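Proteins get letters first, then strands, A, B, ... in listed order; numbering begins at 1 in each. On a predicted model such as this, the values are computed, not experimentally measured, just so you know.
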Amino acid sequence: MSSDHDDLPLPAGGDAATDDTITGSGLLAEKAKRLQKLDAMRDSGANPYPYRFDRSLTLHDLRARFGDLEPGTETSTEVAVAGRVMLLREQGKLVFATMRDRDGEVQLFVSKAVVGDDLFAAIRDLDLGDWVGVHGTVMTTRKGELSVKVQRLELLSKAVRPMPDKWHGLTDTDTRFRQRYADLIVNEEARRTFRVRHAIIASFRHTLHERGYIEVETPVLHVEAGGAHARPFITHHNTLDMQLFLRIALELHLKRLIVGGMERVFEIGRIFRNEGISTRHNPEFTMMELYQAFADYSEMIEITETLITRAAVDATGSSVVQIFHPDGSGQTAVDLAQPWRRARMIDLVHEATGVAVHPSQPVEELRALAAQHGVPVNPRWGSGKIIEELFENTAEHTLIAPTFVTGHPVEISPLARVDRHDPFLTERFELFVGGRELANGYSELNDPVEQRARFEDEQAAKDAGDAERGSVDEDYLRALEFGLPPTGGLGIGMDRVAMLIAGVNSIKEVILFPTLRPEAF
RNA sequence: GCCCCUCUAGCUCAAUGGCAGAGCAGCGGACUUUUAAUCCGUUGGUUCAGGGUUCGAAACCCUGGGGGGGCACCA
């Protein structure tokens, strides 16, 4: 970094105006003052950006080891700690500072008599937000506050830009999402939410490794975006001069690996859907999918319950979560450790409408029922699709506590295996919590002849104008021809699980950098 | 894409048609056990942008922009 601050506008009016800029307190003047401090350090031969600092323990460990000290204790234990200056309190010939690292906070106790005039002046010159490394001894104040009595202190990095309000933090949602770094610095709630998210992901990996699943990585760039119904992002490869799609699901590649004999695989990966943005949808989001040879959907239901309940306990210490009602009418506390309800989609529609439905019914009957409930119906839709629409419009929003909805019609489940007791339904489930879909799993269709027929139905629907429907994936069919063993598969939307367990009601709160329009600079 | 709300100092917020303000941060000063330290003094504004109405606009109107919420979309 050079010392001429070419990002600052040159005031028109010469040296007097420059001095004016420096003595003001707008953002530019504030930055200029802090940059001047850096120049002064360099002039005195010090490096304001040293390369490293060796700390002896984290602030969490410091508190764990010394948190029980009596008030007014002076120890001779020397420690080296590092962190960011969050608060400064001057008290004559003393300075108290609150320093924070990733795991904790500690007070720095600075006495002019201990550190000498020069260092004392330098410490008084620190700004909120500066990173510092400290050597000192462990003590407690008269009031009992655990502190490090500073012997030596060095600046590790300067905060040239002032921190947000030390008490109110950042509340402007736009700024919080765009400048997530600032949000994380000042808002404990944001730090907590992301700790929960990342603990959930670690918990999933732990459970899956424990059960013998191998974590794999499959392509993000797809020649055909398959495995789900969604509009894809389109991109282009220059050398191959070809159109590529960002993946909308992990499914088809992972099942190829089961064909290859890997038996139990999972991937936690980003997928992309070129659709609307809302409190429940971000264009890129994280999906966990797993596939298990020799299993069917009933095992997938079991592991779904285990994964999510364990994640809640691992991330928050409790299996109790607060579930937001989809109509905004409040929250309900639910203990995930209790067994989750299971209900067939057709039975839920029956409950909600008072009319028994089944995909074997003539489509006219279901159209009439849909019309009764004000559910618009596309003329191309068959009985199965209309039942799904009826479910979404009459029953879905009532599913507050975790509910496995099972037995989806074949028409809307092109990759799921037909129910062993009912040829119109599939061995499939979706998990709903708070009226939102969190997971989807099934007994995987492994008959290549039937899969081809289902793909051809998808292709026909797409050709008829339904852009989100699928197409025939010849390579996937070739894989099935080598033999896919009986397989259970599962997909879980990690962002929504994070929302549930962290107790937040917007997906942007659990995505570090949510998709936003570009900022004008 | 449509509807509603919102945008004021670096941050958090006032000012409802009549002199743009406060707290925090900053700057100067006092203070050797503070805890958002306190106390005294003090700097800082393209009120998102542009246009209009008005003697007078942060406020009212129009257009545009960012964000939020809802609808639509959405395995």
Across the strands shown, which category fits Ile412(A) at heavy-atom distances under 4.0 angstrom: base, sugar-phosphate, nothing? base
Could you check whether Arg273(A) gets within reach of a base, just the sugar-phosphate, or nothing at all, counting any heavy atom under 4.0 Å? sugar-phosphate
Given the P atoms of C40(B) and U54(B), what is the spacing between them in whole Å? 47 Å
Using Watson-Crick or G-U wobble geometry with both distances under 3.5 Å, which nucleotide pairs with G21(B)? C13(B)
Would you measure the distance from the P atom in C7(B) across to the matching atom in C48(B) and give it in whole Å? 8 Å
Locate the shortest heavy-atom distance separating Ile185(A) from Met86(A); write the atom from each residue and the value. O-CE, 3.8 Å
Taking atom C1' in both A15(B) and G28(B), compute the distance separating them and give it to the nearest angstrom. 29 Å
May I ask you to say what Asp174(A) touches in the nucleic acid, namely base, sugar-phosphate or nothing, with a heavy-atom cut-off under 4.0 Å? sugar-phosphate
Which is true for Lys385(A) with a 4.0 Å heavy-atom rule: it touches a base, it touches only sugar-phosphate, or it touches nothing? nothing
Counting heavy atoms from C-beta on, name the nucleotide in C11(B), C13(B), U35(B) closest to the side chain of Glu145(A). U35(B)
Got a donor-acceptor pair under 3.5 Å from the side chain of Asp172(A) to the base of G67(B)? no
Rounding to a whole Å, what distance do you find between His168(A):NE2 and C11(B):C1'? 10 Å
Separation of the P atoms in G21(B) and G68(B), to the nearest angstrom: 33 Å
When the P atoms of C24(B) and C39(B) are compared, how many Å lie between them, rounded to an integer? 8 Å
Heavy-atom side-chain proximity of Val405(A) to Glu437(A) below 4.5 angstrom: no
Rounding to a whole Å, what distance do you find between Phe324(A):CZ and G70(B):P? 12 Å
Between Met139(A) and Gly227(A), whichever has its closest RNA chain B nucleotide further toward 5' is Met139(A)
Have a look at Glu430(A) and say if it touches a base, only the backbone sugar-phosphate, or nothing, with a 4.0 Å heavy-atom cut-off. nothing
Nearest-nucleotide pick for Thr171(A), side chain only, options being G10(B), G26(B), U12(B): U12(B)
Looking only at the side chains, is there a donor atom on one of Glu267(A) and Thr218(A) sitting less than 3.5 Å from an acceptor on the other? yes
Mind checking if Ser278(A) touches a base, just sugar-phosphate, or nothing, with heavy atoms under 4.0 Å? nothing
Can we say Arg469(A) and Glu458(A) salt-bridge, meaning some charged N sits less than 4.0 Å from an Asp/Glu carboxylate O? yes
Tell me what Gln107(A) touches on the nucleic acid: a base, only sugar-phosphate, or nothing, going by heavy atoms under 4.0 Å. base
Are there over 12 heavy-atom neighbours, none belonging to Gln331(A), within less than 6.0 Å of that residue's CD? yes
Using the C1' atom as the point on both nucleotides, what is the distance between G70(B) and U8(B), in whole Å? 27 Å
Could you check which of A75(B), A37(B), G67(B) has an atom nearest any side-chain atom of Arg89(A)? A37(B)
Pairing partner of G41(B) (Watson-Crick or G-U wobble, both distances under 3.5 Å): C27(B)
Flag yes if more than 12 heavy atoms outside Asp327(A) fall under 6.0 Å of its CG atom; otherwise flag no. yes
May I ask you to say what Gly491(A) touches in the nucleic acid, namely base, sugar-phosphate or nothing, with a heavy-atom cut-off under 4.0 Å? nothing
Using a 4.0 Å heavy-atom cut-off across all strands, classify Leu88(A) as base, sugar-phosphate, or nothing. sugar-phosphate
Please classify the nucleic acid contact of Arg428(A) as base, sugar-phosphate, or nothing, using heavy-atom distances under 4.0 Å. base
Report the distance from atom CZ of Arg180(A) to atom P of G67(B), rounded to the nearest whole Å. 15 Å
Interatomic distance at C1', G17(B) relative to G52(B), whole Å: 16 Å
Selection from A25(B), U33(B), C24(B) that lies nearest to any side-chain heavy atom of Arg34(A): A25(B)
Would you mind classifying the nucleic acid contact of Lys166(A) as base, sugar-phosphate or nothing, using non-hydrogen atoms under 4.0 angstrom? sugar-phosphate
Could you work out the separation of G1(B) and A49(B) based on their C1' atoms and round it to a whole Å? 24 Å
Which part of the nucleic acid does Pro414(A) contact within heavy-atom distance under 4.0 Å: base, sugar-phosphate only, or nothing? base
Interatomic distance, Leu94(A) CG vs C31(B) P [rounded to whole Å]: 12 Å
Taking atom types as they are modelled, would you say the side chain of Thr141(A) forms a donor-acceptor pair with the base of U34(B) within the 3.5 Å cutoff? yes
Between the base of U33(B) and the side chain of Gln91(A), is there any donor-acceptor pair under 3.5 Å? no
Ion pair present between Asp473(A) and Arg256(A), side-chain N to carboxylate O less than 4.0 angstrom? yes
